[in-house]
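First comes the structure, then the notes that go with it.
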Amino acid sequence: MLELIDGRNQQTPVHIPRPRPMAGGGDPDAAVREIVDDVRLRGDEAVLHYTEVFDRARLTADQLLVGADELAAAVKLVPRELIDALEVMAARLRRTCEHQFETEWREESPDESIGELVRPLRRVGIYVPGGRAAYPSSVVMAAVPAQVAGVEGLAIASPPGPGGEIAEPVLAACAVAGVTEVYRIGGAQAIAALAYGTASVRPVDKIVGPGNIFVTRAKRMVHGWVGIDSEAGPTEIAIVADENASAPVVAADLIAQAEHGPLGTHVLITWAPGLVDEVNVELQKAVQIHEHPEDVENALIEGGRAVLVRDLDHALATANAFAPEHLELLFEGARAALESVRNAGAVFVGPYSPVSVGDYVAGTDHVLPSSGTARWASGLSVRDFIKTIYVCDLERPALERLAPHVDALAEAEGLKAHARAVSLRLDSEG
């Protein structure tokens with residue numbers, strides 16, 4: 001079931017291919033551009049049109065915003081166990097986020113002061129996917145770091161069902177997270193409404209949260225007018241395991257990611273050929289008992305990989321080159337090996353740290369870089385909801401010391417007015 005890639009004779013990290021969408025199906029960029037431009041020009045009228053076309057929900061403008069009574073009711077309509085889990089998730093993530101504060105600093109001398117201010121963003125939009133499933137965890141994972149950062153306004157957009165309803169678990173999560181501005185809008189039209197604003201939707205400064213290809217393309221198109229967190233791709237997991245790893249555990253973790261849907265990449269990296277055989281046997285068993293066996297099997301056939309490497313060093317080099325969204329370390333000495341991990345969205349150490357816990361209540365965020373972007377990007381955190389502002393405060397003696405350097409650089413770059421802006425101050429008596 002896992003495609004075997006034998007890289008034991010390679011001196012360089014083994015290349016792990018990611019599944020790519022099949023050609024055909026029209027031009028999604030053109031379709032998304034039409035929606036985004038239409039919402040920018042016609043506002044609510046366009047939003048309501050696309051909500052009816054794509055979500056089959058016929059709404060009026062005054063129904064786009066979910067009422068406070070509906071949010072409160074959702075808490076009572078979902079199982080108490082879900083509320084408890086959401087509260088644990090929020091509390092544990094909040095503790096993590098409190099370690100992520102940027103600190104203002106200022107370096108002072110008798111005649112100058114240089115530093116940085118730290119300011120939260122004013123308003124942030126959070127997209128929460130809908131459709132085939134409800135994702136209440138995505139509400140908490142985005143809202144909590146924004147709140148800890150001090151963001152003043154949070155607006156959530158999530159696609160409605162045909163009756164205009166948003167899934168009760170999502171609304172309950174909004175209530176638990178303390179988010180009261182929730183819109184029944186999905187897809188590219190939601191991203192455009194949050195970015196540009198409409199009569200019913202106040203615009204935001206940044207949009208975060210996962211979504212399908214149309215949401216992702218829309219985020220790309222509005223980027224620059226507003227900020228975005230990332231262009232999230234399909235899910236990924238890479239498991240580095242030795243001969244002592246439990247084959248049923250490895251198979252279970254691969255299956256857990258495969259149930260997210262198509263185009264994901266689910267990788268076992270090992271120097272133990274016997275483990276590959278054992279995991280394939282366990283995968284066959286696990287697929288048969290899954291609630292959606294055909295979907296999971298297709299995802300594994302499409303994106304399942306077993307990579308044979310020479311040793312642990314070769315395995316970690318291969319994992320770093322792949323830069324997975326999720327990296328599991330299932331071998332003796334895994335904690336010490338963290339020193340060698342350079343590229344991953346999140347790392348899960350040892351047999352009792354499955355990605356599933358990280359998705360929900362570990363205290364780590366599950367909005368993570370994928371598609372290799374972990375080479376330069378990080379998971380969602382408080383840092384995504386703040387900005388720093390440089391501060392320069394010079395007295396005359398400091399400007400006199402620095403003026404010759406400004407003159408030299410301005411001369412080299414042909415920007416004479418830069419130098420004159422300094423000399424004017426120093427030539428004056430004041």
Side-chain angles (χ1 to χ4, degrees), residues 33 36-37 39-41 43 97-126 142 145-155 191-198 201-208 217-231 342 369 373-430:
R33 171 59 66 192
V36 169
D37 287 346
V39 172
R40 181 170 57 85
L41 293 172
C97 290
E98 287 169 353
H99 291 284
Q100 297 172 343
F101 277 111
E102 295 281 349
T103 303
E104 291 189 2
W105 64 273
R106 181 166 295 186
E107 184 179 275
E108 299 197 36
S109 63
D111 56 11
E112 67 174 292
S113 172
I114 303 296
E116 284 183 289
L117 305 176
V118 178
R119 297 290 184 265
L121 303 184
R122 183 184 58 89
R123 273 179 61 78
V124 169
I126 299 171
Q147 290 167 337
V148 173
V151 174
E152 295 176 11
L154 290 177
I191 302 303
L194 290 170
Y196 300 118
T198 73
V201 181
R202 292 170 55 203
V204 300
D205 300 315
K206 187 170 186 175
I207 300 172
V208 304
R217 298 294 176 89
K219 286 171 70 176
R220 179 186 300 172
M221 289 175 186
V222 301
H223 186 207
W225 184 262
V226 295
I228 63 171
D229 52 344
S230 64
E231 296 181 16
R342 297 186 61 85
T373 60
R375 289 177 293 127
W376 66 81
S378 307
L380 197 68
S381 74
V382 168
R383 303 176 193 96
D384 289 282
F385 300 103
I386 61 173
K387 58 183 178 180
T388 58
I389 304 170
Y390 288 117
V391 176
C392 169
D393 182 356
L394 305 182
E395 300 293 339
R396 184 182 180 96
L399 185 60
E400 289 174 341
R401 284 197 313 274
L402 297 173
H405 305 304
V406 175
D407 287 343
L409 290 164
E411 179 69 27
E413 296 185 352
L415 302 174
K416 302 297 182 66
H418 280 57
R420 285 195 291 271
V422 173
S423 63
L424 179 68
R425 288 170 165 81
L426 298 180
D427 291 344
S428 67
E429 294 298 325

How long is the span from the CD atom in Q100 to the CZ atom in R383, to the nearest 0.5 Å?
5.0 Å
F385: which of P120, P145, C97 passes side-chain contact (heavy atoms from CB on, under 4.5 Å):
P145
Taking the side chain from E116 and the backbone from T388, do they hold a donor-acceptor pair closer than 3.5 Å?
no
Taking atom CZ as the centre, does R122 end up with more than 12 heavy-atom neighbours from other residues, nucleotides or ligands that are less than 6.0 angstrom away?
yes
Would D384 and V208 count as a side chain to side chain contact (heavy atoms under 4.5 Å, CB included) if you check the C-alpha gap in whole Å, the side-chain angles of each, and the deciding distance to 0.1 Å?
CA-CA 9 Å; D384 289 282; V208 304; 5.6 Å; no
Is there side-chain contact between V222 and I191, with at least one heavy-atom pair below 4.5 Å?
yes
Scanning both residues in full, the closest heavy-atom pair of P203 with R123 reads O-NE, 3.0 Å
Closest heavy-atom contact between H418 and A410?
CB-CB, 4.0 Å
Value for CD1 (I207) from CG (L194), rounded to nearest 0.5 Å, stands at 5.0 Å
To the nearest 0.5 Å, tell me how far R119 CZ sits from I386 CD1.
11.0 Å
Taking C-beta and beyond as the side chain, do V124 and V204 meet within less than 4.5 Å on heavy atoms?
no
Whether the side chain of K206 engages the backbone of D229 through a donor-acceptor N/O pair (distance < 3.5 Å, no angle test) should be reported.
no
With rounding to the nearest 0.5 angstrom, report the CD to CG distance, E400 to D111.
9.5 Å
I need the E112 CD to E107 CD distance, nearest 0.5 Å.
7.5 Å
Return yes if some donor-acceptor pair links the side-chain N/O of E104 with the main-chain N/O of V118 below 3.5 Å, else return no.
yes
Search all heavy atoms of V406 against all heavy atoms of A419 and return the closest pair with its distance.
CG1-CA, 4.4 Å
Nearest heavy-atom approach of V201 to A193 is CG1-O, 3.7 Å
Is E108 atom CD crowded by more than 12 heavy atoms from other residues, nucleotides or ligands, each under 6.0 Å away?
yes
Do the side chains of W105 and V391 get nearer than 4.5 Å, heavy atoms only?
no
Of all the heavy-atom pairs spanning T373 and P369, show the shortest one and how long it is.
OG1-CB, 3.3 Å
Is L402 close to L394 at the side-chain level, that is, under 4.5 Å between some pair of heavy atoms?
yes
Closest non-hydrogen contact found for A403 with V422 is CB-CG1, 3.7 Å
For W225, does the CH2 atom sit with more than 12 other heavy atoms under 6.0 Å from it, leaving out its own atoms?
no
As an exercise, state the distance from CG of D427 to CZ of R420, rounded to the nearest 0.5 Å.
12.0 Å
Any sub-3.5 Å donor-acceptor pair from R425's side-chain atoms to L399's backbone N or O?
no
Main chain of A192, side chain of R40: is a donor-acceptor contact present, judged purely on distance under 3.5 Å?
no
Crowding at CD, E98 (>12 non-hydrogen neighbours, <6.0 Å):
yes
Would you say that V148 contacts F101 through its side chain, given a criterion of any heavy-atom pair below 4.5 Å between the two side chains?
yes
